[in-house]
Amino acid sequence: MSETLISRDQVKPEDKWKLEDIYATDEAFQVSFTHAESLLSSFSVYENQLAQNSKLLLDFLKAQDTFWEEVNKLYVYAHMRLHENGNNSFYQDLSQKAEGLSIKASSALAFANPELSKLTSDQLNHFYSEVPELTHYKRYLDEILRQKAHILDASTEALLAQVGDIAGTPQNTFAMLNNVDLKFPTIENEKGEKVRLTHASYIPFMESSNRQVRQSAFEALYNTYSGYKNTISSLFSGNVKQYSLFSNVRHFESPLHMALSENNIPTDVYHNLIDTVNQNLHVLHDYMALRKETLGLDELHMYDLFVPMVKDYQKEISFDKAQEIVLKALAPLGEDYIQVVQSAFKDGWIDKYENEGKRSGAYSWGTYGAPHPYILLNHTSNINSMFTLAHEMGHAMHTYYSHKQQPHMYSDYCIFVAEVASTVNEALLMQYLLKESTDPMEKCYLMNYFMDQFKSTLYRQTMFAEFEYHMHLAHQKGETLTSQYLSNHYYELVKKYHGPSVTVDEAISLEWSRIPHFYTPFYVYQYATGYSAAIALSTRILNEGQSAVDDYIHFLSGGSSKDPIDLLKIAGVDMSKSTPIQEALRLFENLIHDFKAL
């Protein structure tokens with residue numbers, strides 16, 4: 001592990017994604033940008049006309065569709081270039097221009113939804129009979145009518161579009177602080193060498209069998225965030241405030257209602273998750289007691305929660321090896337699926353390794369009209385990174401199928417279903433590894449890893465969801481979200497979730513300060529619901545074979561052509577009920593029992 005990260009220009013071409021598949025050069029980007037910018041004024045001719053003529057309405061919807069496809073393409077390209085190296089001032093400028101264009105586009109089209117919301121079902125049915133091609137946009141128009149109460153007059157919509165750039169300041173500032181400006185200190189590794197702590201190296205340090213290394217990494221990380229806690233609490237609070245403002249202006253019952261309303265997800269789904277998990281905290285407490293006993297510790301600290309319980313078992317997995325294993329694990333999804341995954345590995349979909357200034361973590365992103373989606377990784381040679389590869393490939397394949405089967409209007413799937421495809425891949429990988437393993441020590445290690453997924457994805461993400469729900473509620477009640485207020489509430493929540501077997505270190509009270517997803521309000525709960533759905537779907541795929549695979553591919557191809565709850569029903573799971581969550585928690589409980597037996 002090197003103290004100094006390599007620069008972007010030192011990364012091998014075969015380890016980089018090929019963003020030139022979107023725009024061959026930055027000059028080509030600029031040509032497209034200039035063209036899109038020139039179209040901004042072209043939509044004014046449609047203003048106050050959309051409810052008057054069916055042919056004109058169709059012309060507008062087609063023009064809007066094509067325009068947004070180009071704007072989104074510009075936005076994605078510029079931001080992925082910036083994510084290669086956040087220090088690159090050229091791409092800082094490019095991404096800001098792309099954001100600005102997106103805001104201008106929203107402003108230029110702000111008149112549309114207020115006008116369209118005035119249409120009635122009878123008028124639309126008449127339009128459909130006049131111009132049958134309009135039925136292509138029926139779901140889009142129906143969704144506008146469903147959201148009618150939250151669509152404002154044209155001038156207010158235009159104003160909200162213009163302030164969208166300002167509203168994104170807390171998120172953008174946190175991202176710049178977290179990914180670029182914030183630097184962690186050096187610590188000693190297992191060999192006594194001085195190495196720099198980074199976002200990507202933190203979890204490998206926390207998995208170290210050397211407890212002093214784990215504690216040093218834990219303290220170094222949170223001591224660093226502590227130095228910025230007041231700045232970050234101000235950003236956190238600012239984000240809560242702007243979201244609350246928008247929900248009030250749009251006449252939603254609450255910020256939660258606004259977040260879930262876009263995709264027609266009942267707020268009961270959010271509350272069912274938190275309630276069901278809280279009713280089953282005893283299972284997580286049993287796991288923590290097992291971890292404490294297995295590790296032979298008098299006190300189980302927060303920095304002991306990632307180290308494998310199977311001592312002296314380490315397995316280095318290079319990217320090439322991870323790629324080989326993932327392909328075998330995903331074989332139950334069929335030949336067509338596997339052929340596309342093979343293309344992803346050889347055709348420049350993936351940016352593999354960490355470099356100086358690169359965005360932390362991992363994601364998959366795509367843009368309609370590009371030949372393929374993309375995956376950003378910060379791969380390290382361990383099992384966790386192999387699961388991350390499978391996870392992000394699930395996202396990429398979801399994008400691939402939806403973009404292939406759906407028109408631009410319905411090509412993007414919502415966040416609620418996004419985490420299903422990624423976690424199905426993880427579950428299939430786990431089942432493959434458990435089946436193929438002949439080493440009892442390895443099998444115990446894998447069971448440990450599987451249990452840790454339940455801990456980290458189902459329980460931890462629900463804890464995050466509960467925290468942000470209460471913080472948004474606190475703001476609505478007039479509380480000031482200071483760093484102390486946030487830390488106190490977070491600390492008590494950590495204690496409740498982890499139970500009496502864990503000595504909850506004071507430093508963990510600052511964990512809220514390092515979670516990027518809090519800047520997309522009410523996002524994280526979908527990791528937990530998605531994980532629950534994925535456990536059910538992966539089990540069905542393995543047990544039922546081709547019929548389940550066909551249903552699953554149908555789901556992946558659905559984009560936003562239906563409500564997400566209905567799309568999941570096609571695949572065979574009903575997330576409007578708590579049953580999938582309860583079944584997943586029962587599997588976790590069984591894993592704890594089986595591990596004890598081993």
Side-chain angles (χ1 to χ4, degrees), residues 202-204 206-207 273 276-277 280-281 283-288 290-291 294 302 304-310 313 315 317 322 325-326 329-330 361-362 377 379-380 382-395 418-437 442-465 497-498 502 515 517 524-539 541-542 573 580-596 598:
Y202 177 66
I203 292 300
M206 295 299 286
E207 293 172 343
L273 171 68
T276 304
V277 168
N280 288 274
L281 287 178
V283 183
L284 183 61
H285 297 172
D286 287 347
Y287 168 78
M288 292 300 168
L290 171 65
R291 173 169 276 276
T294 305
M302 298 306 296
D304 298 319
L305 301 189
F306 290 89
V307 61
M309 292 188 288
V310 182
Y313 181 84
K315 191 167 187 176
I317 304 172
I325 294 170
V326 166
L330 299 182
L377 299 174
H379 187 87
T380 53
N382 59 26
I383 193 170
N384 188 61
S385 283
M386 178 171 66
F387 274 93
T388 299
L389 172 61
H391 180 104
E392 299 304 336
M393 188 59 69
H395 285 309
E419 294 307 328
V420 175
S422 55
T423 314
V424 163
N425 278 15
E426 287 197 66
L428 291 174
L429 175 58
M430 175 56 71
Q431 295 294 355
Y432 171 81
L433 292 171
L434 285 170
K435 181 181 177 182
E436 293 295 314
S437 176
E442 182 180 49
K443 189 158 285 194
C444 285
Y445 178 88
L446 290 168
M447 290 179 68
N448 175 187
Y449 189 92
F450 204 6
M451 288 188 289
D452 279 352
Q453 286 183 309
F454 281 90
K455 174 204 71 174
S456 298
T457 306
L458 217 166
Y459 280 98
R460 187 165 182 257
Q461 299 298 332
T462 302
M463 183 179 74
F464 287 168
Y497 269 72
H498 290 78
V502 180
I515 308 301
H517 283 133
V524 292
Y525 87 99
Q526 293 159 120
Y527 284 110
T529 55
Y531 189 82
S532 302
I535 292 296
L537 291 176
S538 60
T539 301
I541 288 165
L542 292 172
V573 63
I581 303 165
Q582 292 169 338
E583 290 178 352
L585 291 169
R586 274 198 295 272
L587 175 57
F588 183 36
E589 196 166 21
N590 291 337
L591 279 169
I592 295 171
H593 179 269
D594 292 346
F595 188 88
K596 288 179 180 178
L598 282 173

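Below, each value reflects all heavy atoms present in this structure, side chains not excepted, and no hydrogens, waters or symmetry copies. Residue numbers start at 1 and run along the sequence shown.
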Check: Looking only at heavy atoms, what is the nearest atom pair of Asn448 and Val310, with distance?
Finding: OD1-N, 4.0 Å

Checklist line | Check: Arg586 and Gln582 side chains under 4.5 Å, non-hydrogen atoms | finding: yes

Notebook entry, point to check: Any sub-3.5 Å donor-acceptor pair from Thr457's side-chain atoms to Gln453's backbone N or O?
Noted result: yes

Checklist line | Under the ring pair (Phe, Tyr, Trp, His ring centres under 6.0 Å) test, residues paired with His498 that sit two or more places apart | finding: none

Check: What distance do Gln431 atom CD and Glu436 atom CD have between them, rounded to the nearest 0.5 Å?
Finding: 12.0 Å

Check: How long is the span from the CG atom in Leu429 to the CG atom in Leu434, to the nearest 0.5 Å?
Finding: 9.5 Å

Margin query: Check Arg291 with Asp452, please: is the shortest side-chain N to carboxylate O separation under 4.0 Å?
Written below: yes

Checklist line | Working for ring-ring contact (aromatic ring centres under 6.0 Å, His included), residues Tyr459 and Phe588 | finding: CA-CA 11 Å; Tyr459 280 98; Phe588 183 36; 5.8 Å; yes

Item checked: For Tyr527, ring pair (Phe, Tyr, Trp, His ring centres under 6.0 Å) partners two or more places apart -> His517, Tyr523

Checklist line | Asn425 (side chain) donor-acceptor with Ala390 (main chain) under 3.5 angstrom | finding: yes

Item checked: Steps toward side-chain contact (heavy atoms from CB on, under 4.5 Å) verdict (Met206, Val307) -> CA-CA 6 Å; Met206 295 299 286; Val307 61; over 6 Å; no

Notebook entry, point to check: In terms of the angle between their ring planes, are Phe454 and Phe450 parallel, tilted or perpendicular, with boundaries placed at 30° and 60°?
Noted result: tilted

Note to self: Once rounded to the nearest 0.5 Å, what's the spacing between atom CD of Gln461 and atom OG1 of Thr529?
What the structure shows: 10.5 Å

Notebook entry, point to check: So, do Ser437 and Leu446 sit near enough that their side-chain heavy atoms are less than 4.5 Å apart?
Noted result: yes

Checklist line | Interatomic spacing from CG in Leu284 to CG in Leu458 - rounded to 0.5 Å | finding: 10.0 Å

Next item on the list: Give the minimum heavy-atom separation between Met447 and Leu591, together with the two atoms involved.
Entry: CE-O, 3.8 Å

Item checked: Test side-chain contact (heavy atoms from CB on, under 4.5 Å) applied to Ala322 - qualifying residues, sequence neighbours left out -> Ile317, His379, Met386, Leu389

Notebook entry, point to check: Do side-chain atoms of Asn280 reach the backbone of Val283 as a donor and acceptor pair under 3.5 angstrom?
Noted result: no

Next item on the list: Can you sort out the partners of Tyr497 under ring pair (Phe, Tyr, Trp, His ring centres under 6.0 Å), two or more places apart, ordered by chain and number?
Entry: none

Checklist line | Inter-residue atom distance Tyr287.OH - Leu305.CG, 0.5 Å rounding | finding: 7.5 Å

Check: Between Phe387 and Met430, is a side-chain contact (heavy atoms from CB on, under 4.5 Å) present by the stated rule, with each step listed?
Finding: CA-CA 9 Å; Phe387 274 93; Met430 175 56 71; 3.5 Å; yes

Check: What do the steps show when you test Lys596 against Asp286 for salt bridge (Lys or Arg N to Asp or Glu O under 4.0 Å), and what is the final call?
Finding: CA-CA 11 Å; Lys596 288 179 180 178; Asp286 287 347; 5.7 Å; no

Notebook entry, point to check: Side-chain contact, heavy-atom cut-off 4.5 Å: Tyr445 with Ile383?
Noted result: yes

Check: Quick one: ring pair (Phe, Tyr, Trp, His ring centres under 6.0 Å) partners of Phe595, sequence neighbours excluded?
Finding: none

Next item on the list: Please confirm whether the backbone N or O of Ile535 pairs with a side-chain atom of Ser538, one donor and one acceptor, at under 3.5 Å?
Entry: yes

Checklist line | Polar side chain donor-acceptor pair, Glu426 to Thr423, under 3.5 angstrom | finding: no

Item checked: Ser532 side, atom OG; Leu273 side, atom CG - distance, nearest 0.5 Å -> 7.0 Å

Note to self: Once salt bridge (Lys or Arg N to Asp or Glu O under 4.0 Å) is applied, do any residues pair with Asp304, and if so which ones, sequence neighbours excluded?
What the structure shows: Arg211, Arg214

Next item on the list: Begin from the C-alpha positions of Lys455 and Arg460 and carry the test side-chain contact (heavy atoms from CB on, under 4.5 Å) through to its verdict.
Entry: CA-CA 6 Å; Lys455 174 204 71 174; Arg460 187 165 182 257; 5.9 Å; no

